[in-house]
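For reference, the structure discussed in these notes is given below.
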Amino acid sequence: MRKMLSTGVCTSTIQLPGKVAVVTGANTGIGKETAKELAQRGARVYLACRDVQKGELVAREIQTVTGNQQVLVRKLDLADTKSIRAFAKDFLAEEKHLHILVNNAGVMMCPYSKTADGFEMHMGVNHLGHFLLTHLLIEKLKESAPSRVVNVSSLAHHLGRIHFHNLQGEKFYSAGLAYCHSKLANILFTRELARRLKGSGVTTYSVHPGTVDSELVRHSSVMRWIWWLFSFFIKTPQQGAQTSLYCALTEGLEILSGNHFSECNVAWVSAKARNETIARRLWDVSCDLLGITRD
Ligand SMILES: NC(=O)C1=CN([C@@H]2O[C@H](COP(=O)(O)OP(=O)(O)OC[C@H]3O[C@@H](n4cnc5c(N)ncnc54)[C@H](OP(=O)(O)O)[C@@H]3O)[C@@H](O)[C@H]2O)C=CC1
Ligand SMILES: CC1=C(/C=C/C(C)=C/C=C/C(C)=C/C=O)C(C)(C)CCC1
């Protein structure tokens with residue numbers, strides 16, 4: 001049943017010796033499987049995790065399964081810009097190249113809470129954290145071109161809106177919608193980033209991985225129940241990683257930079273996600289919130 005519903009498979013046979021990849025939230029779920037496959041193909045893979053102990057266990061597992069010892073764990077808490085800046089500083093000092101950045105980590109439906117910098121948790125981790133991380137690594141990606149940035153979004157973006165007057169959820173808040181808003185932000189970021197990176201050799205894609213059995217539902221008993229009820233239909237994390245891998249690896253995908261993918265195919269996004277004015281404004285607001293100079 002799972003196989004029938006999970007149609008997208010990354011069929012690229014490309015190998016990655018000498019290539020460097022960073023996967024955020026790589027200690028579990030879709031991120032772990034994405035990192036494993038990149039390691040299997042010979043890349044040096046950085047598992048960027050908020051819990052280094054969990055990351056180390058997974059790194060050992062990936063090293064054993066793939067035989068690739070170049071699987072490294074680094075601390076990255078996307079809910080704290082200090083941690084993001086420290087991760088990027090150390091990475092830039094350590095590595096000459098970065099060919100693949102997979103912005104995969106995410107939280108869903110957490111009770112109202114704020115990041116260390118006062119951002120609403122979904123917007124802070126899922127969008128602003130990855131926005132800052134990408135900004136800090138972009139020169140390295142350009143120097144390493146051809147290189148790619150994959151942003152893991154969701155079909156849930158269809159319910160998302162960017163409420164510029166309530167970006168931190170202080171006026172009204174719904175845990176479910178906050179997730180959708182942040183996933184819409186992922187797509188708007190991808191499209192604007194692609195526009196700005198034209199001609200640089202760095203390309204970017206957003207992804208819906210499908211409905212995947214992972215720890216994402218940890219904050220919602222209703223979602224855990226739905227996941228349990230439909231467990232036969234839900235993808236394994238390995239199946240859920242296919243579209244991220246497709247966007248990271250498939251040769252000739254460069255002309256589709258900025259597009260959204262599902263089941264290893266271009267997918268439609270909502271009208272809001274296609275709105276260039278919103279994308280540009282979100283970019284500027286994100287820069288202001290993060291103390292990045294607008295350009
Ligand atoms: N599962 C699904 O059905 C769907 C998933 N997605 C998206 O796929 C992506 C991966 O999710 P999935 O594998 O399902 O979920 P999981 O909950 O299994 O994995 C999420 C990962 O993100 C990490 N993470 C959470 N908060 C932070 C933080 N502050 N700093 C650094 N890392 C953090 C988690 O770390 P830790 O283990 O320490 O908490 C974990 O490694 C997400 O972006 C999600 O929105 C999209 C559509 C559907
Ligand atoms: C009703 C229903 C389903 C539920 C889907 C849901 C609830 C998807 C939620 C997706 C989310 C939260 C994505 C995260 O980004 C299944 C399992 C497909 C099986 C067929 C019927």
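Order of appearance sets the numbers: ligands from 1, and atoms from 1 within every ligand.
The N/O atoms of W227, backbone and side chain alike, include none that comes under 3.5 Å of an N/O atom in ligand 1. Among the atoms of G25, some N or O lies under 3.5 angstrom from an N or O of ligand 1. Backbone and side-chain nitrogen or oxygen atoms of K183 are examined, and one is located within less than 3.5 angstrom of a nitrogen or oxygen of ligand 1. Between V212 and ligand 1, an N or O atom pair is found at a separation short of 3.5 Å. Residue V125 has no N or O atom closer than 3.5 Å to an N or O atom of ligand 1. When only interatomic distances are considered, the shortest N/O to N/O separation between L78 and ligand 1 falls below 3.5 Å. Considering backbone and side-chain atoms alike, I30 places an N or O below 3.5 Å from some N or O of ligand 1.
Look at F87 and you'll find every heavy atom at least 4.0 Å from all atoms of ligand 1. Heavy-atom distances between M108 and ligand 1 stay at or above 4.0 Å for every pair. Not a single heavy atom of T24 sits less than 4.0 Å from an atom of ligand 1.
When non-hydrogen atoms are compared, ligand 1 lies under 4.0 Å from the backbone of N104 as well as from its side chain. Under 4.0 angstrom from ligand 1, the non-hydrogen atoms of S153 all belong to its backbone.
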Checklist entry - After noting the C-alpha distance and the side-chain angles of R196 and W283, does the key distance pass the side-chain contact (heavy atoms from CB on, under 4.5 Å) rule? => result CA-CA 11 Å; R196 288 167 179 258; W283 184 282; 3.3 Å; yes
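Around atom 34 (C) of ligand 1, the closest heavy atom drawn from K54, E215, R218 belongs to R218. Nearest-heavy-atom check against atom 12 (P) of ligand 1 across A241, G240, G129, S214 picks out S214. Remark: among candidates D51, T211, V152, the nearest residue to atom 7 (C) of ligand 1 is V152, based on non-hydrogen atoms.
Looking at N186 and N151, their side chains never bring a donor and an acceptor atom within 3.5 Å of each other. Between the side chains of S286 and H127, at least one donor-acceptor pair of N or O atoms lies under 3.5 Å. N126 and S182 are linked by a side-chain donor-acceptor pair at a separation below 3.5 angstrom, with hydrogens and angles left out of the test. Side-chain contact check for E215 and T28: at least one donor-acceptor pair (N or O, by modelled atom type) lies under 3.5 Å.
L78 is not listed as a side-chain neighbour of L128, based on a closest heavy-atom distance of 4.5 Å or more. Between N103 and T134 there is a side-chain heavy-atom pair separated by less than 4.5 Å.
Screening V22, L101, I100 for a side-chain contact (heavy atoms from CB on, under 4.5 Å) involving V149 leaves a single residue, L101.
Separation of the H260 and H157 ring centroids falls under the 6.0 Å cut-off. If you look at H181 and H163, their ring centroids are closer than 6.0 Å.
Comment: K96 does not engage E143 in a salt bridge, judged by the lack of any side-chain N to carboxylate O separation of less than 4.0 angstrom.
The contact set between ligand 1 and V107, taken as ligand atoms under 4.0 Å from a residue heavy atom, comprises 25 (C), 26 (N). Under a 4.0 Å criterion applied to the non-hydrogen atoms of L76, ligand 1 contributes the atoms 30 (N), 31 (C). Residue contact check: D77 has heavy atoms under 4.0 Å from atoms 28 (C), 29 (N), 30 (N) of ligand 1. Of all atoms in ligand 1, numbered sequentially from 1 with element shown, those under 4.0 Å from a heavy atom of G210 are 2 (C), 3 (O), 4 (C), 47 (C), 48 (C). Ligand 1 places these atoms under 4.0 Å from at least one heavy atom of A105: 22 (O), 23 (C), 24 (N), 32 (N), 33 (C), 43 (O). Using a 4.0 Å cut-off to heavy atoms of A79, the atoms of ligand 1 that qualify are 29 (N).
Sequence neighbours left out, the pairs with a member in residues 25-49 that pass ring-ring contact (aromatic ring centres under 6.0 Å, His included) are Y46-F91.
One N or O on the side chain of R224 and one on the backbone of R218 form a donor-acceptor pair closer than 3.5 Å.
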